[in-house]
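Here the structure is a predicted model, which means the values were calculated and not measured. Below, chains carry the letters A, B, ... as their sequence lines are ordered, and counting in each starts from 1.
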2 protein chains.
Amino acid sequence: MPVDAIAVLAEPTRRRILDELRLADSSVGQLVEKLAMSQPAVSKHLKVLREAGFVTSRTAAQQRIYSLEPGPFRALDAWLAPYRRMWNRHLTALERHLEES
Amino acid sequence: MPVDAIAVLAEPTRRRILDELRLADSSVGQLVEKLAMSQPAVSKHLKVLREAGFVTSRTAAQQRIYSLEPGPFRALDAWLAPYRRMWNRHLTALERHLEES
DNA sequence: ACCGACTATTCCACTGCGGTTATATAACCG
DNA sequence: CGGTTATATAACCGCAGTGGAATAGTCGGT
């Protein structure tokens, strides 16, 4: 399911966008400023993120405010689950203690 | 840290390799058979996975047995952590109940 | 209805990556 | 040492994706 969700995350710029949106919903213009990149580039990445379900946009006047959607993140977490079981078997005593908290 | 770890996982073939190795350590030849792909292709993917720390290989006669390493998976999990906090705020009552188990 | 602000789309050049074929290296065996 | 098996590397090709510049679309204000 997260089939190509991971591929979407492979792009550093897209991860930066997600980092920004995690802190606050943003308009395209705000992202352009933060990322110091051309507006078309940002819009194109947003399109990819949108189609993969990572973000949604609501219209506010001429701006479009983007915000995160948890779905694909949860899917990625689910993909990771079987491996998590594996690495839990590799816990050292110290790590096992930290795991308690 | 998982900087390009995610990019490494973006490749479907590499995820298939990881899936196989999760079930059992395997030689290159065994992976070639499972994946129905040319041996050089598999070797190249293994090189990428090795350099990203996802797998290690031990030599057994002419064969090289590959096995998983938990490190990068944990790093990915760490990258996901801040987003996990986000989607936890979106839990419904039902989900919240299931989360208890 | 026109203008200005904001965003999306198109076109193009470039780069990088995955796959195959061919070849090199390494290890075991007689 | 010669031959065979097993894996890695090299060279090449085709394609997909990214970024910029230019262009089109959308919406509110006057």
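When rounded to the nearest whole Å, the span between CG of B:Leu31 and C1' of D:dT7 equals 12 Å. If you measure from atom CZ of A:Arg14 to atom P of D:dG19, you get 8 Å, rounded to the nearest angstrom. The nearest whole Å value for the distance from the NZ atom in A:Lys47 to the P atom in C:dT10 is 7 Å. One interatomic measurement links the two molecules: CD of B:Glu33 to P of D:dT7, which rounds to 11 Å at whole-angstrom precision. Note: CG (A:Leu46) to P (C:dT9) measures 11 Å, nearest angstrom. Between the CZ atom of B:Arg15 and the C1' atom of C:dG18 there is a distance of 14 Å, given to the nearest Å. Atoms CZ (A:Arg16) and C1' (D:dG19) sit 14 Å apart, rounded to a whole Å. Rounded to whole angstrom, the span from the CG atom of B:Leu49 across to the C1' atom of C:dG18 amounts to 14 Å.
Looking at A:Gln30, its side chain does come within 3.5 Å of a backbone N or O of A:Ser27 through a donor-acceptor pair. Put simply, the side chain of B:Arg14 never gets that close to the backbone of B:Leu9: no donor and acceptor are under 3.5 Å apart. Looking at A:Tyr83, its side chain does come within 3.5 Å of a backbone N or O of B:Asp19 through a donor-acceptor pair. Proximity of a side-chain donor or acceptor of A:Ser26 to a complementary backbone N or O of A:Ala24 within less than 3.5 Å is detected. In this structure a side-chain-to-backbone donor-acceptor pair under 3.5 Å is present from B:Arg84 to B:Asp77. Judged by distance alone, the side chain of A:Arg50 and the main-chain N or O of A:Val55 form no donor-acceptor pair under 3.5 Å.
Of the candidates C:dA8, C:dG18, D:dT7, the closest approach to any side-chain atom of A:Val28 belongs to C:dA8.
In a base pair of the Watson-Crick type (N1 to N3 plus N6-O4 or O6-N4) or a G-U wobble (N1-O2 and O6-N3), with each distance short of 3.5 Å, C:dG30 is matched with D:dC1.
B:Arg64 has no side-chain polar atom (N or O) that falls below the 4.0 Å cut-off from OP1 or OP2 of C:dA26. OP1 or OP2 of D:dA8 sits under 4.0 Å from a side-chain N or O of B:Tyr66.
For the pair B:Phe54 and B:Ile17, the minimum side-chain heavy-atom distance is 4.5 Å or more.
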Provide a list of protein-nucleic acid N or O atom pairs under 3.5 angstrom, restricted to nucleotides 19-22 of chain C.
residue	atom	partner	partner atom	Å
C:dG19	OP1	B:Thr13	OG1	3.3
C:dG19	OP2	B:His45	NE2	2.4
C:dG19	N7	B:Lys44	NZ	3.0
C:dG19	O6	B:Lys44	NZ	2.9
C:dT20	OP2	B:Ser38	N	3.4
C:dT20	OP2	B:Ser38	OG	2.7
C:dT20	O4	B:Lys44	NZ	3.1

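At the heavy-atom level, B:Thr59 lies nowhere under 4.0 Å from the strands shown.
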